[in-house]
Each structure stands twice: as structure tokens, then as C-alpha cells.
Amino acid sequence: MHYCPDESALILIRHGESMWNEKNLFTGMVDVPLTKKGIEEAIEAGKRISNIPVDIIYTSALIRAQMTAMLALTQLRCKKVPIIMHNESEQAEVWSQIYSEDTMKLSIPVVTAWQLNERMYGELQGLNKQEIAERYGKKQVHEWRRSYGVSPPNGESLEICSQRAVAYFREHIEPQLFSGKHVLVAAHANSLRSIIVYLDKLTSQEVTAIFLCKDYFQCKTFCWFITSYLPSCLIDQVISLELSNGIPMLYIYKEGKFIRRGSPVGSKEAGVYAYSRV
Ligand SMILES: O=C(O)[C@@H](CO)OP(=O)(O)O
């Protein structure tokens with residue numbers, strides 16, 4: 001499919017596997033790097049979006065998302081250089097100036113924002129997910145992990161995480177898309193889930209229902225019921241709200257609407273992207 005001048009692409013990528021994902025530990029705002037597998041996932045994600053002419057990148061302030069963005073960018077066909085913008089102080093901004101228009105044209109600004117960080121998991125951070133499920137019960141842990149309004153002990157609920165992530169998206173990222181820029185966002189399971197809820201205009205009740213369904217998907221009879229009675233759009237949402245590590249999700253912004261296009265797969269022809277259902 002070719003790009004139309006009046007549409008812009010929004011690519012959401014959850015970071016590749018982190019060293020605490022590998023150990024099945026609650027990570028939240030703890031800043032851990034990618035594993036070797038996570039590095040490979042990030043490079044593979046880059047291959048899948050290599051034809052999309054990204055104009056600007058947003059990542060969280062955490063290294064696993066920043067590594068994912070930088071590694072994915074090594075695969076971009078346009079061969080532009082991603083440059084992390086430093087505006088943590090006036091001096092940082094001045095001292096990181098680029099004094100060449102041509103060089104600027106060959107670079108892609110990378111904006112880091114703590115508002116896109118993973119939800120803060122409070123007193124669960126660093127603890128093993130399996131052990132916590134055995135200690136507090138699967139239902140309680142599922143509620144902490146996947147409900148909309150319930151917070152883990154001294155942590156953020158998805159709702160609280162959404163308030164900061166979606167506010168940032170609307171204030172900083174949406175205007176870029178409105179102006180026709182193609183945007184890549186490399187972030188985390190819950191901050192991206194928050195943004196998808198906003199893009200798909202889901203209500204908090206639908207989010208909770210979706211996670212209840214997802215939980216029962218493993219149960220055969222319930223699965224028969226759900227696939228026979230639930231609208232396919234909701235079943236799709238059960239799948240797409242859970243972004244897998246390093247699998248890009250593509251939205252097209254067109255005429256004031258966000259259209260989910262599934263996960264892009266790189267194609268041989270420049271400027272063309274195909275997409276597969278997630
Ligand atoms: O531990 C975390 O930070 C998150 C994402 O890995 O876990 P969960 O999938 O339970 O939200």
C-alpha cells in the first residue's frame with residue numbers, strides 16, 4: 001500500500017524483552033536493559049517498519065524503550081540518524097545544538113518523556129510474578145495487572161498511568177500527526193495500552209471486559225461462547241490491547257480519525273508497506 005499525502009503513520013512499539021521480563025519480575029519504573037533476545041526483537045521490529053519514513057520518535061525515559069527505538073532505526077531504509085534531544089536544562093539544549101541544516105535534514109529527533117514510562121508497580125517492583133500469584137492468588141494479581149481502576153500496593157492503576165500517558169500523547173504527539181508527520185512511539189505494555197484505549201475510544205468498562213475475556217480465553221467452553229457471541233471487533237481488541245514485545249502496531253491518522261492497520265511487515269518496494277492482522 002502506498003502513502004497518501006493526507007495521511008500520517010503512527011507506529012507503536014513495545015520494547016523488546018527486558019532482563020526482568022526474562023526473569024518474570026514486575027518491572028514498572030525500574031530501569032533495566034534489553035536481553036540479547038530483546039535486542040533481536042528490536043532489530044526485527046525495525047525491519048518491519050523499514051519502509052515507513054519516520055519523521056520523529058518518542059520514547060519513555062527508560063533504557064529498554066530507548067534501546068528498542070535506536071536498534072529499530074538501524075533498519076530504516078531512509079538511513080537517517082536518530083538524535084536524542086536534550087532539553088533537561090537550558091544549558092543541555094544549547095550545548096547539544098547542531099549547526100548544519102544539511103545534517104539536520106539527515107537526522108530524526110528522538111524525544112524522551114517520563115510520561116510514557118511503564119506504569120509504576122509500587123511494592124511489586126522486583127518481585128516474581130509467579131511467586132506473587134501464589135502468595136496473593138491469581139485473581140488478585142490479575143486484577144492488579146489488568147483491571148482499569150485497581151492499583152497494585154502503592155503503585156499506579158492503568159487509569160492513573162493513562163492520565164499521564166494519554167495527556168502527553170494529546171499535547172505532544174497528536175499535533176505532530178495532525179501536521180502530517182510520521183511518528184514512532186517506543187514505550188511499554190501499559191503506557192501503550194493506555195494510548196490504544198484512547199485511539200480506539202474504548203470505555204473503562206470495555207477495557208475491564210476485554211481483560212476478563214482475555215483471562216477466560218484459555219477456558220475452552222468460554223472461548224466457544226465468546227467467539228460465537230462477541231462482536232469480532234471486541235475479540236480483535238482482546239488481542240491488540242496486549243502488545244507483544246517488539247511487535248509494531250500501525251495506526252493511520254486520516255481526516256481526524258485513527259485507523260488501526262495491524263502489524264506492518266516490511267516489503268521490498270520503497271515507500272510501500274503491507275500489514276498483517278495482529
Ligand atoms: O512488569 C511490568 O512492568 C509489566 C510489563 O512487563 O508487567 P505486566 O505485563 O504485568 O503489566
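Ligands are counted one by one from 1 in listed order, and the atoms in each one are counted from 1 as well. Computed from a predicted model, the values in this text were never measured in an experiment.
- Using modelled atom types, one side-chain atom of Gln97 and one backbone atom of Glu93 make a donor-acceptor pair closer than 3.5 Å.
- Rounding to the nearest 0.5 Å gives a distance of 12.0 Å between CZ of Arg119 and OG1 of Thr27.
- Close approach to Glu118 involves these atoms of ligand 1, each under 4.0 Å from a residue heavy atom: 3 (O), 4 (C), 5 (C).
- Under a 4.0 Å criterion applied to the non-hydrogen atoms of Phe26, ligand 1 contributes the atoms 1 (O).
- No donor-acceptor contact under 3.5 angstrom links the side chains of Tyr121 and Glu156, judged on distance only.
- The nearest protein atom to atom 11 (O) of ligand 1, hydrogens excluded, is given as Tyr121 OH, 2.8 Å; this is a heavy-atom distance.
- Residue contact check: Asn190 has heavy atoms under 4.0 Å from atoms 11 (O) of ligand 1.
- Within the 4.0 Å heavy-atom shell around ligand 1 one finds Arg14.
- From the protein, the heavy atom lying nearest to atom 7 (O) of ligand 1 is Lys129 NZ, 2.9 Å.
- If you check the side chains of Glu17 and Thr35, you find a donor sitting under 3.5 Å from an acceptor.
- Summary of contacts: the protein heavy atom closest to atom 2 (C) of ligand 1 is Thr27 N, 3.5 Å.
- Proximity of Met29 to ligand 1, defined as any heavy-atom pair under 4.0 Å, is not found for any part of the residue.
- Using a 3.5 Å distance cut-off with no hydrogens or angles, the side chains of Arg48 and Ser263 do pair a donor with an acceptor.
- Shown in contact with Asn21 at under 4.0 Å from a heavy atom are these atoms of ligand 1, numbered in order with element: 6 (O).
- The closest protein non-hydrogen atom to atom 3 (O) of ligand 1 is Gly28 N, 2.8 Å.
- With hydrogens and angles left out, the side-chain atoms of Tyr58 and Gln115 include no donor and acceptor closer than 3.5 Å.
- Below 30°, between 30° and 60°, or above 60°: for Trp144 and Tyr136 the angle between ring planes is above 60°, a perpendicular geometry.
- Scanning all protein heavy atoms for the shortest distance to atom 9 (O) of ligand 1 gives Arg146 NH2, 2.9 Å.
- Remark: of the listed residues Val197, Leu202, Ile195, Ile195 is the sole one forming a side chain to side chain contact (heavy atoms under 4.5 Å, CB included) with Leu199.
- Scanning the protein for heavy atoms near atom 10 (O) of ligand 1, the closest one is Arg145 NE, 2.5 Å.
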